[in-house]
Amino acid sequence: MATKTNPRQAAKSRRQRRVRKKVVGNAGRPRLAVFRSNRHISVQVIDDTAGHTLVAASSYEPEVRAAGHTGNVDAAATVGRLVGERAKAAGVDSVVFDRGGNRYHGRVAALADAARAAGLEF
């Protein structure tokens, strides 16, 4: 039996490939990579030239989980604020936003807006 591809999953994969062709992080301007699942959202600030993560935040963390739900816009905004504060503390002022194939809407947009409010420049 042949397997069918899910059109939404195929569209996300195309968007992800298209974004990653253009978005590369370096030491001066690392990549802010977003991963979104149905229950959680996580984000990393990555230096692609050195190949390591500088800062990370996730809705798996106890301070986000204590606030209630982890898969909604409020949790995404909290994670965005956390990564913005941690990146500023690590000396990162400007990043390149990698939405990871997700549409810039809802939780992804809330995370980005909160990171900007915390002082990161995109």
Side-chain angles (χ1 to χ4, degrees):
M1 182 172 170
T3 59
K4 286 186 168 183
T5 56
N6 183 353
R8 294 172 104 191
Q9 192 174 18
K12 181 177 178 178
S13 178
R14 280 194 307 272
R15 282 192 306 270
Q16 194 168 14
R17 282 193 307 262
R18 186 173 60 232
V19 168
R20 285 294 287 131
K21 274 193 300 189
K22 301 172 189 172
V23 175
V24 177
N26 55 29
R29 196 163 178 211
R31 177 169 56 101
L32 184 80
V34 176
F35 174 77
R36 182 182 64 89
S37 72
N38 287 337
R39 287 188 167 193
H40 293 282
I41 191 160
S42 62
V43 62
Q44 297 177 328
V45 177
I46 303 168
D47 179 3
D48 288 322
T49 55
H52 62 86
T53 300
L54 305 173
V55 177
S58 170
S59 62
Y60 292 104
E61 297 178 12
E63 60 238 29
V64 180
R65 290 186 130 190
H69 296 287
T70 57
N72 59 11
V73 173
D74 295 333
T78 304
V79 171
R81 182 183 49 78
L82 281 174
V83 78
E85 292 170 354
R86 291 175 184 172
K88 292 296 276 186
V92 176
D93 295 327
S94 181
V95 294
V96 179
F97 189 65
D98 177 9
R99 56 192 168 91
N102 300 300
R103 287 181 235 160
Y104 189 83
H105 176 75
R107 289 188 282 160
V108 176
L111 185 140
D113 293 339
R116 280 190 196 102
L120 283 180
E121 292 180 25
F122 291 24

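The first residue of the sequence shown is numbered 1, and numbering continues consecutively from there. Both backbone and side-chain heavy atoms feed into the values below; hydrogens, waters and symmetry mates do not.
In this structure, Q9 places its CD atom where only 12 or fewer heavy-atom neighbours from other residues, nucleotides or ligands lie under 6.0 Å away.
Counting heavy atoms from C-beta on, the side chains of R36 and L111 never come closer than 4.5 Å. Side-chain contact check for V19 versus Q16: every heavy-atom pair is 4.5 Å or farther apart. Side-chain contact between V108 and R103: absent, with no pair of heavy atoms (C-beta onward) separated by less than 4.5 Å.
Here the closest non-hydrogen pair linking R81 and A114 is N-CB, 3.7 Å. Counting all heavy atoms, side chain and backbone alike, V95 lies closest to V92 at CG1-CG1, 3.7 Å. When all heavy atoms of S58 and V64 are compared, the pair lying nearest together is O-CG2, 3.8 Å. Between V23 and R31, the closest heavy-atom pair is CG1-CD, 3.8 Å. Here the closest heavy-atom approach between residue H40 and residue R107 is recorded as O-NH1, 3.7 Å. Here the closest non-hydrogen pair linking F122 and R29 is C-NH2, 3.2 Å.
Side-chain contact annotation: R39 with T70, donor-acceptor N/O pair under 3.5 Å absent.
Screening V24, I46, T49, L54 for a side chain to side chain contact (heavy atoms under 4.5 Å, CB included) with P30, the sole residue that qualifies is L54.
Atom CG in D48 sits 9.5 Å away from atom OG1 in T53 (nearest 0.5 Å). With rounding to the nearest 0.5 Å, the separation of CG in L120 from CG in L32 is 7.0 Å.
Ring geometry, Y104 versus F97: the interplanar angle exceeds 60°, so the pair is classed perpendicular (tilted spans 30 to 60°).
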